[in-house]
Amino acid sequence: MAPASKAAPLLMTHSAHPGHVLKLFAGSSPFQCDGCRQYSDDERWYRCEPCDYDLHVCCALLRTYLTHPLFPGRIFTFLHRPPSAPGYSCRFCDGCGDLVLGFVYHNAERQLDLHPQCASLPTVLAGEERMPILSEEAPVRGNCGLCGQGKNGRRGRFWCYRFNYADGEPAYVHVACLMELRDQGTLQSAPSRRSGRFLRFCKIALTVARVAHAVTTMDPVGFVTAVAGHP
Ligand SMILES: [Zn+2]
Ligand SMILES: [Zn+2]
Ligand SMILES: [Zn+2]
Ligand SMILES: [Zn+2]
């Protein structure tokens with residue numbers, strides 16, 4: 001497994017936890033990020049031990065401004081919490097479609113929001129068959145390999161990874177479904193009707209996503225060369 005970008009510093013300070021030094025921590029226990037409020041099974045994260053304060057690497061190494069290849073020309077600004085605006089009782093990530101509860105990259109012009117984890121997803125999962133690519137919405141044909149819903153389903157207009165099997169058959173999986181699978185902690189809970197090759201794809205995609213979060217410098221373009229290790 002080769003990290004795609006430079007290593008995260010061992011110690012750092014963060015505006016969301018002033019006055020304390022956060023230490024890069026390695027472990028295998030799931031945690032909830034105190035920045036974005038999402039759960040994670042990343043194997044490296046930043047932690048203030050006395051305060052039990054945890055941050056994803058991607059949430060710790062935030063950028064003030066961010067651009068993303070799937071939103072060309074848009075500039076996102078980092079905010080500690082989603083802005084309140086008339087007509088918005090809660091906000092959803094324009095990447096995965098799930099609720100935004102904490103740290104967010106926000107574009108005021110188009111009222112777009114991205115979880116830091118979603119903003120740091122690799123745009124290409126190099127190393128897997130036919131290199132799955134991050135796409136802004138589900139294709140017209142087919143269904144997500146995990147939830148089974150298609151274009152008109154609840155996640156149809158959010159990000160997915162599209163790919164082709166070796167025989168050319170197209171397939172895709174919603175980013176949110178992949179994250180849910182990760183949060184459940186095991187691929188065993190995936191629907192049993194899914195084929196072995198599909199589950200193998202999911203396993204690799206999860207590994208790549210985890211590595212991206214763990215090494216991110218918040219530059220999605222930089223992840224194009226991320227290399228997946230085959231199990
Ligand atoms: Zn986070
Ligand atoms: Zn602290
Ligand atoms: Zn998201
Ligand atoms: Zn799905």
Side-chain angles (χ1 to χ4, degrees), residues 11-25 31 33-40 45-56 58-60 66 68 70-71 76 78-79 82 90-107 112-123 132 134-139 141-163 170-184 187 189-191 193-194 198-199 201-202 205-206 209 212-213 216 218 220:
L11 300 173
M12 68 167 314
T13 55
H14 197 286
S15 57
H17 196 66
H20 289 187
V21 172
L22 302 177
K23 196 173 171 184
L24 189 63
F25 188 85
F31 64 95
C33 174
D34 288 294
C36 68
R37 313 300 301 169
Q38 290 187 292
Y39 290 90
S40 176
W45 69 96
Y46 282 96
R47 178 164 171 78
C48 177
E49 196 84 51
C51 303
D52 190 24
Y53 184 88
D54 300 296
L55 284 183
H56 286 121
C58 65
C59 287
L66 180 93
H68 196 282
L70 293 186
F71 293 103
F76 291 81
F78 173 81
L79 301 172
C90 50
R91 306 192 70 102
F92 295 89
C93 172
D94 288 282
C96 68
D98 283 355
L99 210 55
V100 174
L101 297 169
F103 287 6
V104 63
Y105 286 96
H106 178 70
N107 172 274
L112 299 169
D113 297 283
L114 284 179
H115 290 127
Q117 288 203 96
C118 290
S120 72
L121 283 171
T123 50
L134 188 63
S135 308
E136 53 195 325
E137 54 184 59
R141 292 171 192 277
N143 302 302
C144 168
L146 285 174
C147 70
Q149 295 190 15
K151 179 78 177 167
N152 296 320
R154 67 189 177 109
R155 288 174 169 162
R157 60 185 190 87
F158 295 104
W159 288 358
C160 64
Y161 277 111
R162 301 169 69 157
F163 60 102
Y172 73 89
V173 57
H174 296 125
V175 162
C177 291
L178 204 56
M179 295 296 184
E180 256 174 27
L181 187 66
R182 185 198 61 186
D183 294 345
Q184 288 161 6
L187 280 168
S189 53
R193 67 179 185 278
R194 306 297 165 213
F198 181 78
L199 291 179
F201 160 74
C202 286
L206 286 168
H213 294 152
T216 183
M218 298 308 296

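What you see is a predicted model; the values in this text were computed from it and never measured. Counting starts at 1 for both ligands and their atoms, in listed order.
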Using atom types as modelled and distance alone, determine if a side-chain donor or acceptor of His106 lies under 3.5 Å from a backbone N or O of Leu112. yes

Looking from the Zn ion (ligand 2), what is the angle between ND1 on His20 and NE2 on His17, to the nearest 10°? 110°

Do any of the N/O/S atoms of Cys144, backbone or side chain, fall under 2.8 Å from the Zn ion (ligand 4)? yes

Hey, is the main chain of Phe76 close enough, under 3.5 Å, to the side chain of Asn107 for a donor-acceptor pair? no

Which value, rounded to 10°, describes the SG(Cys93)-the Zn ion (ligand 3)-SG(Cys96) angle? 110°

Restricting to N/O/S, name the atom of His174 that gets closest to the Zn ion (ligand 4). ND1

Can you tell me the angle formed at the Zn ion (ligand 2) by SG of Cys51 and SG of Cys48, to 10°? 110°

Indicate the ring-plane relationship of Phe78 and Phe103, choosing parallel, tilted or perpendicular according to the 30° and 60° boundaries. perpendicular

Sidechain N-carboxylate O distance under 4.0 Å for Asp98, Arg155: yes

Quick check for you: to the nearest 0.5 Å, what is the distance between Ser40 atom OG and Gln117 atom CD? 5.5 Å

Atom name of the N, O or S atom in His115 that lies nearest to the Zn ion (ligand 3): ND1

